[in-house]
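Structure, as structure tokens:
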Number of protein chains: 2
Amino acid sequence: MDRRIDKGQATRRHLIEVATELFADRGYEGTSIEAVLERTGMSRGSLYHHFPGKDRLFEAVVESVHTQVGESALAAVTASGATEPHDLLKAAELAWIRLASEPVVRRILLIDAPTVLGWRRWRDLEAQYGLGMLKTVLQQAADTGHVPANLVESFAHILLAAGNELALVIALAEDVPAAQATAEAAVEEFLARLLRPISEPAKRT
Amino acid sequence: MDRRIDKGQATRRHLIEVATELFADRGYEGTSIEAVLERTGMSRGSLYHHFPGKDRLFEAVVESVHTQVGESALAAVTASGATEPHDLLKAAELAWIRLASEPVVRRILLIDAPTVLGWRRWRDLEAQYGLGMLKTVLQQAADTGHVPANLVESFAHILLAAGNELALVIALAEDVPAAQATAEAAVEEFLARLLRPISEPAKRT
DNA sequence: CCATTGACAAACCGACGGTCGGTTTACTAA
DNA sequence: TTAGTAAACCGACCGTCGGTTTGTCAATGG
């Protein structure tokens, strides 16, 4: 084994770590490469040896955060012991809302990532992590007639967007605990309505 | 009347017009002030006489686009002749989805605006334009018992986010017409479920 | 022992956003 | 007419920043 490579990986991790803090704190544009170099004590050459550019460094940070969030969410859902689609979705939404309250997640994943990575790439990541889980559970709900099968995809997107939105609302609220409570009630009610079995095809007024 | 001021307003409008095209086409970061100057034939001094900085120029563009979108959406809703909350919301959502398919709206309002203006300011604008309308209609729905009154705010946010999300999904789809059809069906079903009065008494405040 | 390679260093470059002193143009009052 | 004023406009210049290029060094493997 090459000790140089271990050292390289260590500095790479260190760069991601420091960059995560800075990006979360000042945003992508507000964070200069200079600042990262200063905080890490690295040189330009070293950074550009590990990452082809600022955007790729950011991308590495996004993937790191995404992974951590995914693991936390999964842990929270399994810890809830839910088995029914409604409970699973509720647990997932609430977990996501709590996670998205964290500035690191909010700023990096929700605010900057779509712009920096281009939202095409961002969608791929989201589909890989959050959307996939939602679709799986919604498909179960569709199999038991709680949701139209052809709208699983659309409903998954709606659920994902709703979670993000509520998380941002909470973050913006003056009274965060109150907003959190309201949002959780909204999730509960929202899911109850969305998953209700359809007796007759979509009604018209 | 002072012809100097008229001329000033004209160049200001011209700057906004050209900047709108460029921002929509290349995004905020991808658009240099130089490019705007070149396309307008203006000088740096002139631009910075009218706008304190690039971000303020972008802000003016955002407001301009927002206004146009708001007018179009309102026109579409009134043209639909809807009176019931369900139909009003459906008309509004569909109108918004169609408008958001336009690259100008998508790139400027949905992608760049939150990052550049900071999403606090962005939320203020959104509340002023789209969210206000949704809340009004949802309040009507709450008055007739179709929706819990204490969740009007949350549901309005969810509806707004859902519309944005579906618009982005459509934009990303390979088969746009098909995606559009699916999304419209999803809106229909989604609204029907969201606004259906629940058999057991809804929590009211 | 030496050619190779990964890690890091630092001088340098071009583009960009923003500033600033100055000029032109048009209106107004003496 | 003319002096004064203010808005509109001009363009050279500056600092910052992301990215490139060239070079050093030490560990590795034949």
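Protein chains get the first letters and strands the later ones, always in sequence-line order, with residue 1 at the start of each.
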Practice problem: Verify side-chain contact (heavy atoms from CB on, under 4.5 Å) between Thr182(B) and Ile170(B), making sure each step is shown before the conclusion. | Solution: CA-CA 9 Å; Thr182(B) 306; Ile170(B) 291 174; over 6 Å; no
Quiz prompt | Per Ser32(B) side chain, nearest of listed nucleotides dG17(C), dC8(C), dC17(D) | solution = dG17(C)
Interatomic distance, [X] [atom1] vs [N] [atom2] [rounded to whole Å]:
{"X": "Tyr48(A)", "N": "dG18(D)", "atom1": "OH", "atom2": "P", "answer": "7 Å"}
{"X": "Glu34(B)", "N": "dG11(D)", "atom1": "CD", "atom2": "C1'", "answer": "11 Å"}
{"X": "His49(B)", "N": "dT23(C)", "atom1": "NE2", "atom2": "C1'", "answer": "14 Å"}
{"X": "Ile33(B)", "N": "dG18(C)", "atom1": "CD1", "atom2": "C1'", "answer": "9 Å"}
{"X": "Leu47(A)", "N": "dT20(D)", "atom1": "CG", "atom2": "P", "answer": "12 Å"}
{"X": "Arg56(A)", "N": "dG18(D)", "atom1": "CZ", "atom2": "P", "answer": "17 Å"}
{"X": "Arg12(A)", "N": "dA7(C)", "atom1": "CZ", "atom2": "C1'", "answer": "14 Å"}
{"X": "Arg44(A)", "N": "dC12(C)", "atom1": "CZ", "atom2": "P", "answer": "14 Å"}

Quiz item: Within the structure, does a side-chain N or O atom of His50(A) lie under 4.0 Å from either OP1 or OP2 of dG6(C)?
Solution: no
Practice problem: Return no unless some side-chain N or O of Thr11(B) is found under 4.0 Å from OP1 or OP2 of dC9(D). | Solution: yes
Quiz prompt | Point-to-point distance, once rounded to the nearest 0.5 Å, from CG of Asp124(A) to CZ of Arg120(A) | solution = 8.5 Å
Self-check item: Residue Glu63(A) excluded, over 12 heavy atoms near CD under 6.0 Å
Solution: yes
Quiz prompt | Lys/Arg-Asp/Glu bridge criterion (N-O < 4.0 Å) met for Arg98(A), Glu184(A) | solution = yes
Quiz item: On DNA chain D, nearest-nucleotide positions of Gly45(A) versus Thr31(A): which is more 5'?
Solution: Thr31(A)
